[in-house]
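Chain naming here is simple, since letters A, B, ... match the order of the sequence lines and numbering starts at 1 in each. Everything numeric in this text was worked out from a predicted model, so none of it was measured. Reckoned from all heavy atoms, side chains included, excluding hydrogens, waters and symmetry mates.
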Number of protein chains: 2
Amino acid sequence: MAQTHPLNQEISLSVIKTACSNCNLRELCLPFGLSLEELERLDDLVSTRRRIKRGDHLYRAGEVFDAIYAIRSGFFKTDVLLEDGRDQVTGFQMAGELLGLDGISTEHHTCNAIALEDSEICAIPFSRLEGLSREIHTLQHHFHKVMSREIVRDHGVMMLLGTMRAEERLAAFLLNLSQRFTARGFSHAEFYLRMTREEIGSYLGLKLETVSRAFSRFQEEGHIAVQQKHIRILNVNGLKALMNHRASC
Amino acid sequence: MAQTHPLNQEISLSVIKTACSNCNLRELCLPFGLSLEELERLDDLVSTRRRIKRGDHLYRAGEVFDAIYAIRSGFFKTDVLLEDGRDQVTGFQMAGELLGLDGISTEHHTCNAIALEDSEICAIPFSRLEGLSREIHTLQHHFHKVMSREIVRDHGVMMLLGTMRAEERLAAFLLNLSQRFTARGFSHAEFYLRMTREEIGSYLGLKLETVSRAFSRFQEEGHIAVQQKHIRILNVNGLKALMNHRASC
DNA sequence: GCGTTCGCTTGATCCAAGTCAACCATAAAA
DNA sequence: TTTTATGGTTGACTTGGATCAAGCGAACGC
């Protein structure tokens, strides 16, 4: 009987090893849709688990790429540095999400991945993943979906950066975080931000002061309650309305 | 003897059929790196060739995804439409590039692909491509690289939208076009824009007036010569310097 | 040929977000 | 406990690009 309830399983301590088959993120992560037998083959591949301390790099732009990484727990940001010193956060990643897909293209990482809290990752050697996905159709297809999802996500960010104003961007950002926390079984309405205002700003193409002001404004208007990094969403629909602000003009 | 010089081959008229093996874009496109025998297997798969007239859609957001498309000739844009009517151009694609990768994720296209000039595409049924890439390692790997490259490209656009000012964006855009034309054997210094100022603006997160002003400014400063859609780049380094403008401030 | 349309350019004005600066809050260090 | 550092908030002002508006030029249909 392969099907236990994904997020509720009890694991005896003795069983814990680096294995997708007993990871409660498997429905969000690479193993999605695999049979028990296929899962075990994936286990063989995902052997190295690593802890990354808050502030440390998982990898750096320019390093040779040979593995992608699944986040087991914790929180990361990725950023790109331009020659002239400008940089931009290209994404925030949480448990169950994959890091490093950008490195496949040139066999070198093209961005930095930095832990925003103490985290744990599973390294997945890429050539072995390709090998296994030549044998397991489901794995292959799911991996393609994950890559494609990343492209779609990026288009969303481009949309945000290209057409939205500051408050719309922040509303979209909060709703996106909320939705992803929900998918992981956390409250959709209350969470701690792992990143600073400056990092949010960098991601949203705004200055930190603008982010701060937008937070204050949302609070004044009763959409959220902010206390430093602690966010409570009081009015989801208010935020959603803010996001589509242009519709009314 | 499989290796003829990629861009110089002569093809007798009788041989022309929809086939990667006699397409002179094969070194830019999906067949990259394949052996002659592998190429022939890809030929079987890429059977349908379609003409798309200027202004027509190749596919629309929401349609069921079942194939990706390689551009044989012509020029496309992709755009995303928000519920509230805002839209944004997410990319411009030219011969040898692939369209439709975003559709894998949800099995539905997430953007519109529209021909900016009369074009010709090869449809590649996706499930068959997955099948073949389970058998041909090189094809699998190259496909992964192409998807990854798309992610990297998107990060570049995010960078552009998030941190660059209007003139830097346009300079980056022109240099990127120039570089892609060069890769296809065209002049790096002289080309026709297939898109309007408004489409450029949408892609770059600017209004068409701003794009037009930046063109005029570049011309005044002797970086380029503009006449409607005809562009001549007079000073590549000038443009490059413009792009990294912040370095000096 | 001529009028119409569409895309492009240019000027004048306005405003959202950036910049600069002061100050506050929290947490860690002394 | 006070000190220091880091991150966050708020205010005053400046500015790059948006907006509004007028006019131009090339291409197309009739």
Side-chain angles (χ1 to χ4, degrees), chain A residues 53-55 77 86-89 114 116-117 160-174 192-221 224-232 242-243 245-246 249, chain B residues 53-55 77 86-89 114 116-118 160-174 192-221 224-231 242-243 245-246 249:
Chain A
K53 280 235 239 334
R54 182 191 148 115
K77 70 168 177 182
R86 279 182 280 191
D87 67 341
Q88 177 160 26
V89 172
I114 298 149
L116 294 182
E117 62 182 25
L160 179 146
L161 292 170
T163 72
M164 293 188 179
R165 36 192 66 272
E167 294 191 1
E168 297 174 310
R169 293 184 200 186
L170 190 64
F173 173 72
L174 290 174
Y192 279 91
L193 298 173
R194 271 71 172 184
M195 68 296 279
T196 66
R197 303 287 191 263
E198 184 164 23
E199 287 162 337
I200 297 173
S202 172
Y203 180 62
L204 299 179
L206 301 169
K207 292 290 150 183
L208 68 98
E209 294 94 329
T210 308
V211 173
S212 179
R213 279 186 244 271
F215 270 128
S216 302
R217 195 123 202 284
F218 287 178
Q219 179 154 255
E220 279 167 32
E221 289 171 353
I224 63 174
V226 200
Q227 227 173 0
Q228 306 284 115
K229 300 198 163 169
H230 181 216
I231 303 285
R232 269 185 309 134
L242 261 169
M243 234 186 66
H245 189 231
R246 290 293 178 76
C249 302
Chain B
K53 279 235 240 337
R54 182 192 148 114
K77 70 168 179 183
R86 280 182 281 190
D87 68 341
Q88 178 160 25
V89 172
I114 298 150
L116 294 182
E117 61 183 25
D118 293 355
L160 180 146
L161 292 171
T163 72
M164 293 186 180
R165 38 192 66 273
E167 294 190 3
E168 297 174 311
R169 295 185 199 186
L170 189 65
F173 173 72
L174 290 175
Y192 279 91
L193 297 172
R194 271 69 172 185
M195 68 296 279
T196 65
R197 301 289 190 263
E198 184 163 21
E199 286 162 337
I200 297 172
S202 171
Y203 180 60
L204 299 178
L206 302 169
K207 293 290 148 180
L208 70 99
E209 292 95 328
T210 307
V211 174
S212 179
R213 279 185 244 271
F215 270 129
S216 302
R217 197 123 200 284
F218 287 178
Q219 179 154 256
E220 279 166 32
E221 288 171 355
I224 62 173
V226 200
Q227 228 174 358
Q228 306 285 115
K229 300 198 163 167
H230 181 216
I231 304 285
L242 261 169
M243 233 186 68
H245 190 232
R246 290 293 178 80
C249 304

**Interatomic distance where CD belongs to Glu168(B) and P belongs to dG16(D) [whole Å]** = 12 Å
**Asked** Any idea which of dA18(D), dG8(D), dT9(D) is nearest the Lys207(B) side chain?
**Response** dA18(D)
**Request:** Using the salt bridge (Lys or Arg N to Asp or Glu O under 4.0 Å) rule, pick out the option among Lys229(B), Lys77(B), Arg194(B) that qualifies with Glu117(B).
**Result:** Arg194(B)
**Prompt:** Taking CZ from Arg197(A) and P from dG7(D), how many angstroms apart are they, rounded to a whole number?
**Reply:** 12 Å
**Side-chain donor/acceptor of Arg197(B) to backbone N/O of Gln228(B), under 3.5 Å** = yes
**Asked** Which is true for Gly205(A) with a 4.0 Å heavy-atom rule: it touches a base, it touches only sugar-phosphate, or it touches nothing?
**Response** sugar-phosphate
**Asked** Between dA16(C), dT9(C), dG18(C), which one does the side chain of Thr210(A) approach most closely?
**Response** dG18(C)
**Request:** Round to the nearest Å and state the distance from Leu193(A) atom CG to dT26(C) atom P.
**Result:** 16 Å
**Message:** From CZ of Arg217(A) over to P of dT10(D), roughly how many Å is that when rounded to an integer?
**Reply:** 13 Å
**Request:** Indicate, with a heavy-atom threshold strictly under 4.0 Å, whether Ser212(A) touches base, sugar-phosphate, or nothing.
**Result:** base
**Message:** Between Arg169(A) (side chain only) and Met164(A) (backbone N and O only), is there a donor and an acceptor less than 3.5 Å apart?
**Reply:** yes
**Message:** Please report the distance, rounded to the nearest Å, between CG in Leu208(B) and P in dT19(D).
**Reply:** 10 Å
**Prompt:** Within this structure, what is the CZ-to-C1' distance between Arg169(A) and dA16(C), rounded to whole angstrom?
**Reply:** 11 Å
**Prompt:** With sugar-phosphate meaning primed atoms plus P, OP1 and OP2, does Leu206(A) contact a base, only sugar-phosphate, or nothing at under 4.0 Å between heavy atoms?
**Reply:** sugar-phosphate
**Message:** I need the NE2-P distance between His230(B) and dA26(D), as an integer number of Å.
**Reply:** 15 Å
**Item:** Candidates dG7(C), dT9(D), dT10(C) - which lies nearest the side chain of Lys229(B)
**Value:** dG7(C)
**Donor/acceptor link under 3.5 angstrom from Arg213(A) side chain onto base of dT19(C)** = yes
**Prompt:** If you look at every heavy atom in Arg86(B) and Thr163(A), which pair is closest and at what distance?
**Reply:** NH1-O, 3.2 Å
**Asked** Can you tell which of dG16(D), dA17(C), dT26(C) lies closest to the side chain of Arg165(B)?
**Response** dG16(D)
**Request:** Indicate yes or no for a side-chain donor-acceptor contact from Arg232(A) to the backbone of His230(A) under 3.5 Å, with no hydrogens or angles considered.
**Result:** no
**Prompt:** With no angle test and no hydrogens, is the base of dC20(C) tied to the side chain of Glu209(A) by a donor-acceptor pair under 3.5 Å?
**Reply:** yes
**Prompt:** Once you round it to whole Å, what is the distance between P of dC24(D) and CD of Gln227(B)?
**Reply:** 18 Å
